[in-house]
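Side-chain atoms are counted along with the backbone in the values below, which use heavy atoms only and exclude waters and symmetry mates. Just follow the structure's listing: the first ligand is 1, and inside any ligand the first atom is 1.
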Amino acid sequence: ALNQNLAELQARINVSFEFFPPRTSEMEQTLWQSIDRLSELKPTFVSVTYGANSGERERTHSIIKDIKERTGLDSAPHLTCVDATPQELEAIARDYWQSGIRHIVALRGDLPPGSGKPSMFASDLVALLKKVGDFDISVAAYPEVHPEAKSAQSDLINLKKKVDAGANRAITQFFFDVESYLRFRDRCVATGIDTEIVPGILPVSNFKQLQRFATMTNVKVPNWMTQMFDGLDNDAETRKMVGASIAMDMVKILSREGVKDFHFYTLNRAELSYAICHTLGVRPEAALPGQSLVRASA
Ligand code: FAD
């Protein structure tokens, strides 16, 4: 029965993995090792983030094409519309379309300090992309509200606008308070947002860095989590195990609440995301429990 449950779970769960463009050749090696390992799990798609400076942006374009060539996976570049003209964005989108890229994660991007109201929001980018080609489009969602939003309600209406413009799914900012995700999902349904709200799972191993990042992004780090990492500042090994266990608990609750799609912020490392997927029943085909038995008896 356990094997059957796992097989059922695996049939139900879809995962995707997010990477960022490596800055050194050593980081590039780590990235490819991670991609090779995680691609065994047959993700629905993999994505590569888009940076603020032009060198990094070029790397997103080339890495996404390399991943597609090497793995054949649905490879989705992130694209932001701050500090780019509509003409530039159209040219990038056309180039992707011609290269066989059919999925884009469409974002506004963070505003440079001191800038005024941006001329484009993510919803405008979604509309622009849809004019270039019938892309599969993912957009960002914020269970704990985007830091610049006037209110939770206006942020939700913005998400609806992105979906109405043609977005096919929303991927959430990372979170640790599962309740805030579940309430947000309910509010999306009540607002008429009918796409999947895919939880973005961040397996934490560097808690200090997380605290800084959480403050910037308006994400709540619950007290219980601070306590879990307390005393581990100089113990990376234990931090990793604690981080994995927190994420495993989260995905277990979420899957019990009917979540079928999970997006992992891998930080270019396979280990934690792979282990969490394993507990969700997402495994390479050959390692599916029960299969060796079937083969042995055949
Ligand atoms: P939008 O949906 O445009 O919303 C931005 C803010 O403006 C919100 O507060 C919204 O409520 C408000 N708003 C929207 N429309 C209006 C309007 N007409 N008038 C007034 N206010 C309005 N950043 C990167 O630079 N590169 C990446 O690769 C990247 N990947 C990401 C992936 C995910 C899954 C997530 C969740 C975020 C990612 N980000 C990335 C961060 C993202 O760019 C920032 O959070 C950015 O500040 C907002 O982007 P958005 O697409 O959500 O913007």
Side-chain angles (χ1 to χ4, degrees), residues 15-23 44-61 63-64 75-84 86 89 92 96 103-113 115-129 136-176 180-181 184 187-188 191 193 195-202 213-219 261-268:
V15 296
S16 53
F17 301 114
E18 181 173 312
F19 304 99
F20 64 85
R23 283 182 292 275
T44 359
F45 67 92
V46 294
S47 78
V48 176
T49 60
Y50 196 62
N53 64 63
S54 61
E56 199 174 335
R57 293 182 164 184
E58 291 309 317
R59 281 205 295 282
T60 300
H61 303 321
I63 284 166
I64 212 76
S75 309
H78 293 211
L79 182 62
T80 63
C81 58
V82 278
D83 69 16
L89 295 165
I92 293 170
Y96 278 140
H103 184 168
I104 292 181
V105 183
L107 305 142
R108 188 200 65 184
D110 284 320
L111 300 177
S115 58
K117 192 177 179 216
S119 56
M120 272 180 93
F121 289 95
S123 54
D124 303 309
L125 179 59
V126 174
L128 179 148
L129 293 172
D136 185 356
I137 295 178
S138 301
V139 290
Y142 302 86
E144 293 173 307
V145 184
H146 185 264
E148 285 164 44
K150 278 197 217 93
S151 64
Q153 188 59 20
S154 71
D155 211 25
L156 201 61
I157 288 167
N158 176 48
L159 179 59
K160 172 103 168 56
K161 221 166 135 185
K162 296 194 270 193
V163 171
D164 289 346
N168 303 85
R169 78 186 61 64
I171 302 170
T172 76
Q173 179 65 283
F174 66 89
F175 59 89
F176 303 102
S180 72
Y181 165 85
F184 178 71
R187 297 185 63 221
C188 287
T191 311
I193 297 167
T195 57
E196 288 294 332
I197 308 295
V198 182
I201 305 295
L202 176 66
F213 204 55
T215 311
M216 271 156 43
T217 48
N218 206 26
V219 171
D261 301 76
F262 292 88
H263 184 76
F264 290 89
Y265 295 109
T266 68
L267 305 179
N268 291 4

Any N or O on E18 sitting closer than 3.5 Å to an N or O of ligand 1? no
pair P77-H61: side-chain heavy atoms closer than 4.5 Å: no
Just which atoms of ligand 1 are under 4.0 Å from any heavy atom in A140? 35 (C), 36 (C), 52 (O)
Could you tell me if the ring centre of H78 sits under 6.0 Å from that of F19? no
For the backbone of G109 and the side chain of Y50, can you confirm whether one donor and one acceptor N or O come within less than 3.5 Å of each other? no
Do the rings of F174 and F213 sit parallel, tilted or perpendicular, given the 30° and 60° boundaries? parallel
For atom 53 (O) of ligand 1, find the nearest protein heavy atom and state the residue, atom name and distance (0.1 Å precision). R108 CB, 3.2 Å
Are any of the N/O atoms in H146 less than 3.5 Å from those in ligand 1? yes
H263-S16 side chain donor-acceptor pair, cut-off 3.5 Å: yes
Please determine whether side chain to side chain contact (heavy atoms under 4.5 Å, CB included) holds for the pair L267 and L202, giving the CA-CA distance in whole Å, both sets of side-chain angles, and the decisive distance to 0.1 Å. CA-CA 9 Å; L267 305 179; L202 176 66; 4.1 Å; yes
What pairs meet the salt bridge (charged side-chain N to carboxylate O under 4.0 Å, His left out) rule with one or both residues in residues 46-56, with sequence neighbours excluded? none
Look at ligand 1 and say whether D110 reaches it with a heavy atom at a distance under 4.0 Å. yes
Report yes or no: does D155 contribute a side-chain atom to a donor-acceptor pair with the main-chain N or O of H146 at less than 3.5 Å? yes
With no hydrogens and no angle check, is any side-chain donor or acceptor of T44 less than 3.5 Å from a backbone partner on V15? yes
Shortest protein heavy-atom distance from atom 34 (C) of ligand 1, along with the residue and atom involved: Y265 OH, 3.3 Å
Any idea which atoms of ligand 1 are less than 4.0 Å away from a heavy-atom of T80? 24 (C), 25 (O), 26 (N)
Donor-acceptor check, side chain of S47 to backbone of E18, threshold 3.5 angstrom: yes or no? no
State whether a side-chain donor-acceptor pair under 3.5 Å links T195 with R169. no
Just verifying a value: how many Å separate L107 CG and L125 CG, rounded to the nearest 0.5 Å? 8.0 Å
Does at least one non-hydrogen atom of G200 fall below 4.0 angstrom from an atom of ligand 1? no
Is there a polar contact, in the sense of an N or O pair closer than 3.5 Å, between Y50 and ligand 1? yes
Report, in ascending order of atom number, the atoms of ligand 1 lying under 4.0 Å from any heavy atom of I171. 34 (C)
Give yes or no for whether the N/O distance cutoff of 3.5 Å, strictly under, is met between N158 and ligand 1. yes
Just by distance, do the side chain of D136 and the backbone of N168 share a donor-acceptor pair under 3.5 Å? no
Between Y142 and ligand 1, is there a nitrogen or oxygen pair with a distance under 3.5 Å? yes
For ligand 1, is F174 a contact, meaning one of its heavy atoms is under 4.0 Å away? no
Atoms of ligand 1 close to A149 [distance to a heavy atom under 4.0 angstrom, numbered from 1]: 9 (O), 11 (O)
Provide the number and element of each atom of ligand 1 under 4.0 Å from a heavy atom of D155. 8 (C), 9 (O), 10 (C), 11 (O)
Distance from atom 3 (O) of ligand 1 to nearest protein heavy atom, with residue and atom: A122 N, 2.9 Å
In terms of its nearest heavy atom to atom 29 (C) of ligand 1, the top option of V82, L79, L107 is L107
Is there a polar contact between ligand 1 and F121, counting only N or O atoms under 3.5 Å apart? no
Looking only at N/O atoms, are K162 and ligand 1 under 3.5 Å apart anywhere? yes
Per-atom contacts, ligand 1 versus Q173 - under 4.0 Å to a heavy atom: 36 (C)
Using a plain distance cutoff, I'd like to know if H78 has any nitrogen or oxygen under 3.5 Å from a nitrogen or oxygen of ligand 1. yes
Regarding ligand 1, does G51 bring an N or O atom to under 3.5 Å of one of the ligand's N or O atoms? no
For E148, the ligand 1 atoms whose distance to one of its heavy atoms is below 4.0 Å: 9 (O)
Can you pull the side chain to side chain donor-acceptor pair (under 3.5 Å) pairs that have at least one residue in residues 156-165, sequence neighbours excluded? K160-D164
N/O of T49 under 3.5 Å from N/O of ligand 1, yes or no? no
